Amino acid sequence: MITSGKGGVGKTTTSASFAVGLALRGHKTAVVDFDIGLRNLDLIMGCERRVVYDFVSVINEDARLNQALIRDKRVDHLYVLPASQTRDKDVLTLEGVDRVFRELQQDLGFEYIVCDSPAGIEKGARMALYFADEAIVVTNPEISSVRDSDRILGILSAKSRRAVESMDPVKSHLLVTRYNPERVELGEMLSVEHVKDFLGIPVIGVVPESESVLNASNVGTPVILDEKSQAGVAYSDMVDRFLGENRPLRFVTSERRGILRRLFGS
Amino acid sequence: MSDPRPLLHALHDDSGGGRLSVSLEQPGLSFKGSSFSLTVVHLNTSDLEQIDRELASKVAQAPAFFQDTALVLDLHGIEGQTLDLPRLVNILRAHGTQPVGVRHGDISQQTEARSLSLAVFPALRREEPRLTAQPGMRSKPKIWTQPVRSGQQVYAAGGDLILLGMVNAGSEVLADGNIYCYAPLRGRAMAGMKGDVEARIFATCLEAELVSIAGYYRVVEDVKDLPADVRSRSAQVCLSGERVIIEPV
């Protein structure tokens, strides 16, 4: 589950790139847009013109799941389940979502279901987090985003199915996006350490602020496919870490210092 | 027709000839709540000569203060005694004050006050004894191991609260007894919720937004406002009189 509480921090961008990354590594992955009424995921995935049926039509049994799933043209093993643009988020029910998830896992053999949560702590977000096994909390290095992430972590620990059914808690990871090391050094932005210290969960990645993210969104190509961009590389690292690989954090010190360090070997 | 609002006329026509002028007139009354400060005079005697003498000397000390001052007579101290209320009112008026009502007093005193057009104010609630927690009645401490996150609240009813995870900004931890926090305390912490003024808050890393003991609180607007010897360090919060003290431990 990809969540943040706050809007505009990069949940959908992260969902798209994370799902692509998992699929590129050979895992059958579905990415599901929970933002009913404000769908964006299909735009970022570049498949908005192929949307015929959606999540809501499957929940309402107007369509079968494999009619609504959109197969990605670039990456094997990757499917998108888009949100409805026209429906109200109240159509989502726990029973309906549960049924769709079971079908994805048991009948269609998906290994990973990536849920793109809407912003806020309302019904849509609660639906998205209820079934989560792991959560990636997307946070910008600024205080209101950190506070909202904290709120979401609290809800995860109280209202998710794992909490309600007293199972092991949802495993949460911190992803810091829009990170600008220069501004951190100037004291204009919170540092990764600061954010991690506040939220108390392990860091799974740091994505630097980058124009390539915006460009990628505009052309409908998840930024992870842009191997030349720092953001793309950062997302690749994050997927590897999620799958248990050891990847040191990159792009967390400013360029200038990076060069000096290399020169002096410190 | 001289009225500039014919449309309204038309609307009012079917009300059986009601006059338009009525609806356009300003309301004669408008009610607004307001609070006044009244001076309460506690009567300890019904001896009017003594009252007259004492009042004269008081007024002589501060004539401006007593001029037109509205007074409420508290009759609690002379309930059951015979009081010549009309004469008392005259004495008070003679000294330039304005008696406006009475409080307490027995039934006959209140009846007489009403007949003199004095207001009878509601009786003051007797002070309730302050609730103090009894150590013997405390339940066992509540131990909380999870972080307390923004928007969450943890309350230890009837006892102490022990926190092992961090308490983040925007959260609240409350206890009827003491609070012990063995991780950063950044939210709001309130001990002695039922009025135990002996309750304390202990923290190994104090950065709280607000601390409160038995309802007396202290807001920490900025962590930097905390004295350096307690900021982000081991500290305790306790009550000294009505002052919330934060000190190192």
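The chains referred to below are lettered A, B, ... by the order of the sequence lines, with proteins before strands, and numbering in each begins at 1. Bear in mind that the values here come from a model prediction, so they are computed numbers and not experimental data.
Around the OH atom of B:Tyr217, the shell of radius 6.0 Å holds no more than 12 heavy atoms that belong to other residues, nucleotides or ligands. Atom CD of B:Glu221 has 12 or fewer neighbouring heavy atoms from other residues, nucleotides or ligands inside a 6.0 Å radius. Counted within 6.0 Å of CD on B:Gln110, heavy atoms from surrounding residues, nucleotides or ligands total more than 12; the atom is thus considered enclosed. Under a cut-off of 6.0 angstrom, the local environment of NZ in A:Lys196 is sparse, with at most 12 non-hydrogen atoms contributed by other residues, nucleotides or ligands. A 6.0 Å sphere centred on CD of A:Glu245 holds more than 12 heavy atoms belonging to other residues, nucleotides or ligands. Within a 6.0 Å radius of CZ in B:Arg233, no more than 12 heavy atoms belonging to other residues, nucleotides or ligands are found.
With a 4.5 Å cut-off on side-chain heavy atoms, A:Ser157 and B:Gln152 count as touching.
Heavy atoms only, all atoms of each residue included: B:Ser150 and A:Arg147 are closest at OG-CD, 3.4 Å.
Ranked by heavy-atom pairs under 4.5 Å with chain B, the first of A:Leu199, A:Ile152, A:Leu153, A:Asp150 is A:Asp150. The most heavy-atom pairs under 4.5 Å with chain A, out of B:Arg149, B:Arg186, B:Met166, come from B:Arg149.
Heavy-atom distances place the side chain of A:Ile201, and not its backbone, under 4.5 Å from chain B. Contact of A:Asp197 with chain B is made through backbone and side chain together, with heavy-atom distances under 4.5 Å.
Counting only distance, with no hydrogens or angles, the side chain of B:Asn168 and the backbone of A:Phe198 share a donor-acceptor pair below 3.5 Å.
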